[in-house]
Participant: 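A single structure is presented below for examination.
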Amino acid sequence: MSNRHLPVGTRDEFGPRAIRKENLIQIMSRHFIDAGFDRVKTPLLEYRDVFQPLTVTGEQPYQMLDDAGETVVMRPDLTLPLARLLSTTNIQPPVHWWYVGDIFRVRKSLSGTYNQITQAGIELIGYASLKAEWACLSEAIRICDDLKVADLTLELSDARFVPQVLQTLALDPVTKAALKKAFFTKNLSDYERLTEPLAANALYPFLKQWPWLFGPAESVFEQLKQLLPPAFVREQVARLQTTVDFLRDQFSNLTVTLDLTSQPPQSYYTGIFFHAYVPNRREYLFSGGRYDRLMASFQRDLLPAVGLAFDVDALTDTVQEPTASPQTFVYGLPSQWQETAAVVATSPNARLCLVDSLAEAQVLAKSSHARLIDLSPKEATL
């Protein structure tokens with residue numbers, strides 16, 4: 001047996017952090033319910049084929065064989081199981097779903113990350129309208145506001161932008177693939193070598209600046225107007241511009257940035273995608289986007305879909321913990337059970353003191369740095 005108590009990348013959860021995390025889950029759940037979303041749950045184990053569209057660089061799912069010899073995995077994602085659910089039942093879209101659960105991904109040792117992550121999210125399946133993106137984003141931002149998340153930045157991009165630029169360049173397939181790889185991997189030497197032959201192309205001034213097209217939304221839009229033909233800008237970034245305008249109107253304190261150099265997190269993304277983060281934190285607090293090809297692995301008829309997921313662990317480590325009331329122990333005789341329980345029910349952060357004597361209660365309260373309320377008839381309350 002290994003001398004390690006837990007597998008690498010896992011952890012026990014207990015104490016104040018576990019309580020804080022559970023409280024956050026309850027707050028998010030209430031938000032989702034109040035917004036009209038229905039709870040959905042899928043199994044922890046799924047067939048490996050369910051996650052065939054999933055591309056997560058440097059990570060693998062936990063795999064095992066069932067009694068029939070089929071490969072099953074501990075789910076590394078919570079969105080694709082919902083696509084599987086929708087395709088194998090008679091549920092008719094549109095649907096408004098919310099979920100909370102753990103995902104499992106085997107990550108590189110010494111990466112400083114955990115293999116078990118708690119997510120809470122929402123899915124709107126069956127809506128092609130941009131209103132679906134706005135509904136998801138609004139719900140997530142309101143939750144962050146409710147939790148008093150400070151200095152939230154929302155980064156927007158669009159999965160269609162890079163393919164449309166490459167298509168406009170009319171490159172041969174080999175050069176097109178090489179340029180796309182160099183661009184997404186930030187290999188600037190290869191990128192410059194591949195774009196130099198395009199010096200006579202009308203888009204060449206844009207290509208020279210493209211790797212740096214990220215930052216405050218208004219600044220990026222202004223650069224696009226200067227670097228691209230007006231018709232191209234209107235066609236390719238209209239949904240981003242409209243979404244930024246919506247966010248400015250609804251959430252005036254939100255910082256909104258654009259990144260037209262980022263690669264979609266999954267191959268099935270087809271439109272706007274986004275991440276939200278705060279300064280000095282490595283993980284995104286929430287992320288998501290539009291994925292109208294979500295159902296491609298399960299059925300012929302595609303369905304428009306938008307969704308997002310909170311990283312509950314990242315959120316737990318980010319949210320400022322409110323000042324808690326001091327722990328209180330309430331001690332009484334067995335005959336005073338109802339009286340003691342009533343005091344616990346009306347006192348903040350209180351619990352029954354489950355020892356047999358006042359002396360034991362005093363020792364326990366002292367060792368726990370807790371206040372002691374003594375309801376027994378002979379001793380004074382401390």
Side-chain angles (χ1 to χ4, degrees), residues 53 55 57 128-134 136-137 153-173 175-188 190-192 194-195 198 201-248 255-277 284 287-294 296 302 304-308:
T55 54
T57 304
S129 170
L130 192 58
K131 290 180 180 179
E133 282 92 334
W134 295 357
C136 282
L137 286 169
T153 294
L154 179 67
E155 178 185 282
L156 300 175
S157 191
D158 196 314
R160 295 164 296 190
F161 187 79
V162 172
Q164 286 296 331
V165 171
L166 295 178
Q167 181 177 336
T168 303
L169 295 174
L171 302 171
D172 65 83
T175 303
K176 180 179 178 181
L179 181 57
K180 182 177 180 181
K181 180 180 178 180
F183 182 74
F184 280 143
T185 58
K186 314 301 182 186
N187 188 332
L188 293 181
D190 280 358
Y191 176 82
E192 292 172 358
L194 290 164
T195 54
L198 302 172
N201 192 294
L203 292 184
Y204 187 66
F206 163 79
L207 294 175
K208 289 179 68 68
Q209 296 299 318
W210 193 12
W212 294 274
L213 275 180
F214 55 86
E218 295 308 322
S219 173
V220 175
F221 284 136
E222 186 60 33
Q223 291 180 73
L224 289 175
K225 291 176 183 178
Q226 296 174 8
L227 295 170
L228 288 173
F232 189 93
V233 174
R234 285 195 303 270
E235 292 175 7
Q236 301 309 321
V237 301
R239 292 169 72 87
L240 282 173
Q241 179 71 72
T242 305
T243 299
V244 170
D245 292 343
F246 167 81
L247 293 168
R248 296 282 192 221
T255 298
V256 182
T257 65
L258 293 185
D259 186 350
L260 298 180
T261 72
S262 61
Q263 185 171 10
Q266 299 298 334
S267 60
Y268 51 75
Y269 276 73
T270 59
I272 291 175
F273 62 96
F274 46 81
H275 312 284
Y277 60 91
Y284 294 125
S287 60
R290 175 166 289 279
Y291 22 78
D292 292 346
R293 290 199 296 267
L294 180 65
L302 300 183
V306 179
L308 65 81

Participant: Enter the distance from Phe232:CZ to Gln164:CD here, rounded to the nearest 0.5 Å.
Facilitator: 6.5 Å
Participant: Can a donor-acceptor pair be found, under 3.5 Å and without considering hydrogens, that links the side chain of Tyr291 to the backbone of Gly307?
Facilitator: yes
Participant: Side chains of Glu218 and Val244: does their closest heavy-atom pair fall under 4.5 Å?
Facilitator: yes
Participant: Verify the distance criterion only: is there a donor paired with an acceptor across the side chains of Trp210 and Thr261 at less than 3.5 Å?
Facilitator: no
Participant: With sequence neighbours left out, write down each residue that passes ring pair (Phe, Tyr, Trp, His ring centres under 6.0 Å) with Tyr284, or none if nothing qualifies.
Facilitator: His275
Participant: Set out, in order, the CA-CA distance, both residues' side-chain angles and the distance that settles side-chain contact (heavy atoms from CB on, under 4.5 Å) for Val237 and Leu258, then state yes or no.
Facilitator: CA-CA 11 Å; Val237 301; Leu258 293 185; over 6 Å; no
Participant: Sequence neighbours left out, what passes ring pair (Phe, Tyr, Trp, His ring centres under 6.0 Å) with Trp212? Give chain and number order.
Facilitator: none
Participant: I need the minimum non-hydrogen distance between Pro211 and Tyr191, along with the two atoms involved.
Facilitator: CG-CE2, 3.5 Å
Participant: Is the NZ or CZ atom of Lys186 positioned over Phe183's six-membered ring, under 6.0 angstrom from the centre and within 45° of the axis?
Facilitator: yes
Participant: Say you draw a straight line from OG1 of Thr255 to CG of Leu247; how long is it, rounded to the nearest 0.5 Å?
Facilitator: 11.5 Å
Participant: Is there a side-chain contact (heavy atoms from CB on, under 4.5 Å) between Leu171 and Leu198? Walk through the geometry before answering.
Facilitator: CA-CA 10 Å; Leu171 302 171; Leu198 302 172; 3.9 Å; yes
Participant: Output the distance between atom NZ (Lys225) and atom CZ (Phe221), rounded to the nearest 0.5 Å.
Facilitator: 8.5 Å
Participant: Could you tell me whether the side chain of Phe161 reaches within less than 4.5 Å of the side chain of Ser157, counting heavy atoms only?
Facilitator: no
Participant: Sequence neighbours left out, what passes side chain to side chain contact (heavy atoms under 4.5 Å, CB included) with Glu192? Give chain and number order.
Facilitator: none
Participant: On a heavy-atom basis, which atom in Arg248 and which in Ala217 lie closest, and how many Å separate them?
Facilitator: NH2-CB, 4.1 Å
Participant: Can you tell me how far CD of Glu133 sits from CG of Leu240, rounded to the nearest 0.5 angstrom?
Facilitator: 10.0 Å
Participant: With rounding to the nearest 0.5 angstrom, report the CZ to CZ distance, Phe246 to Arg239.
Facilitator: 13.5 Å
Participant: Can you find a pair of side-chain heavy atoms, one from Gln209 and one from Pro205, that are under 4.5 Å apart?
Facilitator: no
Participant: For Leu194 versus Ala182, what's the shortest heavy-atom pair and its separation?
Facilitator: CD1-CB, 4.3 Å
Participant: Please report the interatomic distance CZ(Arg160) to CZ(Phe273), rounded to the nearest 0.5 Å.
Facilitator: 11.0 Å
Participant: Among Leu260, Asp259, Thr257, Thr243, exactly one meets side chain to side chain contact (heavy atoms under 4.5 Å, CB included) together with Leu156. Which residue is that?
Facilitator: Thr243
Participant: Carefully, step by step, assess Ile272 and Leu130 under the rule side-chain contact (heavy atoms from CB on, under 4.5 Å).
Facilitator: CA-CA 9 Å; Ile272 291 175; Leu130 192 58; 4.0 Å; yes
Participant: Quick one, Leu169 with Thr175, criterion side-chain contact (heavy atoms from CB on, under 4.5 Å). Give me CA distance, side-chain angles, the key distance, then yes/no.
Facilitator: CA-CA 11 Å; Leu169 295 174; Thr175 303; over 6 Å; no
Participant: Closest heavy-atom contact between Ala132 and Arg290?
Facilitator: CB-NH2, 3.8 Å
Participant: Identify the two heavy atoms, one from Phe206 and one from Leu227, that lie closest to each other, and give their separation to 0.1 Å.
Facilitator: CB-O, 3.7 Å
Participant: How far apart are the closest heavy atoms of Thr168 and Leu203, and which atoms are they?
Facilitator: CG2-CD1, 3.7 Å
Participant: Are Thr270 and Pro264 packed together at the side-chain level, in the sense that at least one heavy-atom pair is separated by less than 4.5 angstrom?
Facilitator: no
Participant: Give a yes or no answer on whether the side chain of Asp292 reaches the backbone of Ala305 with a donor-acceptor pair at less than 3.5 Å.
Facilitator: yes
